[in-house]
There are 2 protein chains.
Amino acid sequence: MADAPPEIEELIALMARLPGLGPRSARRAVLHLMKRRDRLLVPLAQSLAAVGAHIRECSACGNLGTGDICTICADPARATGQLCVVADVADLWAMERARVFAGRYHVLGGLLSALDAIGPDDLGIPRLAGRLGAEGVTEVILALPATLDGQTTMHYLADRLAGVRITTLAQGVPVGGELDWLDEGTIGAALRARRDLE
Amino acid sequence: MADAPPEIEELIALMARLPGLGPRSARRAVLHLMKRRDRLLVPLAQSLAAVGAHIRECSACGNLGTGDICTICADPARATGQLCVVADVADLWAMERARVFAGRYHVLGGLLSALDAIGPDDLGIPRLAGRLGAEGVTEVILALPATLDGQTTMHYLADRLAGVRITTLAQGVPVGGELDWLDEGTIGAALRARRDLE
């Protein structure tokens with residue numbers, strides 16, 4: 001019996017390595033692409049090639065951009081003395097979408113994890129420490145996830161980074177959040193951090 | 001505030017159009033690709049380009065292949081007089097994986113659907129009718145999904161295709177299937193089609 005052409009099998013195998021797609025959904029995605037060759041498959045191939053050729057990590061902060069230094073690090077208006085530490089580029093983008101932070105970032109590229117054997121050197125924490133003096137940083141905002149690894153990383157960073165103010169994002173009820181749907185940890189944190197109504 | 005580079009935004013937008021990926025998971029997939037540039041992103045771009053350039057629909061049956069005629073249609077050993085009609089190339093691949101059918105296929109590329117305004121001409125049913133005499137087909141096996149649209153299409157095809165035996169896949173309990181988990185329709189069909197134990 002005949003298999004699918006090897007080019008298709010190879011494409012399915014590659015697509016199946018994307019997060020969120022398994023072997024079955026990768027096959028479905030490939031057939032979807034074949035039916036939309038000019039409108040989706042060819043543009044996607046070109047877009048991937050362009051990203052592969054032109055996008056690189058910022059050598060200062062780890063953000064993605066077209067140059068050696070990303071647009072945020074290259075913008076002198078963002079040298080506010082505030083440095084926001086995030087785990088991943090996706091978190092940097094989330095912060096930027098919120099349009100509430102005017103300083104610069106540092107992307108760790110992960111979190112300390114004993115389980116996954118990720119240590120301080122894997123996350124470039126010495127490089128982060130080096131930026132503090134070089135860029136006149138006065139406050140480091142730790143915008144790390146409220147998970148066990150996130151908390152571990154925060155405590156490690158707070159110990160390592162001396163001579164600057166270290167802050168972290170507030171924990172509490174999300175905007176639009178219903179108490180009914182929140183976990184006990186969030187409700188507890190929100191109650192402990194309660195503030196006077198103005 | 002800065003957005004992600006336009007190349008990245010474009011790639012996320014294209015990835016989000018794949019079935020199974022939404023805007024959030026597309027962003028996650030793109031970051032996953034960026035972290036695996038040489039091992040995944042570049043090979044994926046090349047694989048997509050190769051598929052876009054070399055893979056086409058078989059002009060006879062609608063299967064995917066590298067030539068004008070797919071390997072199944074080009075194989076004289078598969079001119080058995082049996083023609084298996086499937087809705088989609090994925091179904092053809094599923095039949096081939098089962099390694100139980102030695103004849104040829106006809107891919108409709110969809111199902112008749114009043115709701116989606118898909119009629120007989122959209123599915124190339126006249127082309128299918130033309131193959132019967134030209135290829136000496138003696139039996140048409142309708143391997144269409146057991147859905148409303150699938151049943152409608154089967155009945156339409158059974159009316160249209162004259163002079164050949166028309167069969168359809170048996171309905172019943174799947175191999176390994178537990179009665180407890182099966183819907184009433186399947187159990188009813190399996191009971192009506194019950195057979196003597198040999």
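The sequence lines fix the lettering, A, B, ..., with proteins before strands; numbering per chain opens at 1. Only this structure's heavy atoms are used, side chains among them; waters, hydrogens and symmetry mates stay out.
- Cluster annotation: B:V107 and B:L111 are assigned to distinct hydrophobic clusters (Ile/Leu/Val/Met/Phe/Trp/Tyr, side-chain heavy-atom contacts under 4.5 Å, transitive).
- Placement of B:L64 and B:M95 within a single hydrophobic cluster is found when ILVMFWY residues are connected by side-chain heavy-atom separations under 4.5 Å, directly or transitively.
- Along residues 26-42 of chain A, the residues that come nearer than 4.5 angstrom to chain B, judged on non-hydrogen atoms, are A:R27, A:R28, A:A29, A:L31, A:H32, A:L33, A:M34, A:K35, A:R37, A:R39, A:L40, A:L41 in order of number.
- A:V86 is not connected to A:L157 by any chain of hydrophobic side-chain contacts under 4.5 Å among Ile, Leu, Val, Met, Phe, Trp and Tyr, and they are in different clusters.
- Against chain A, the residues from residues 10-20 of chain B that qualify, each with a non-hydrogen atom under 4.5 angstrom away, are B:E10, B:L11, B:I12, B:L14, B:M15, B:R17, B:L18, B:P19, B:G20 in number order.
- The candidate from B:I8, B:I55, B:L44 with the greatest count of non-hydrogen atom pairs under 4.5 Å with chain A is B:I55.
- Only the side chain of A:D88 comes within less than 4.5 Å of a heavy atom of chain B; its backbone N, CA, C and O stay farther away.
- For the atom pair CG (A:L48) and CG (B:L48), the distance works out to 6.0 Å, reported to the nearest 0.5 Å.
- Across every non-hydrogen atom of B:P5 and A:G65, the tightest pair is CG-CA, 3.7 Å.
- Tracing side-chain contacts under 4.5 Å through hydrophobic residues (I, L, V, M, F, W, Y), one never reaches A:V89 starting from A:L108; they form parts of separate clusters.
- Proximity to chain A (any heavy atom under 4.5 Å) is restricted, for B:L21, to the side chain, taken from C-beta onward.
- Below 4.5 Å, heavy atoms of chain B meet no heavy atom from residues 163-174 of chain A.
- For a heavy-atom cut-off of 4.5 Å, chain B lies close to no residue in residues 118-146 of chain A.
- Hydrophobic clustering, with ILVMFWY side chains joined whenever heavy atoms are under 4.5 angstrom apart, keeps A:M154 apart from A:L92.
- The local environment of CD in A:E57 is sparse, with at most 12 non-hydrogen atoms from other residues, nucleotides or ligands closer than 6.0 Å.
- Atom CG of A:L191 is surrounded by more than 12 heavy atoms from other residues, nucleotides or ligands within 6.0 Å.
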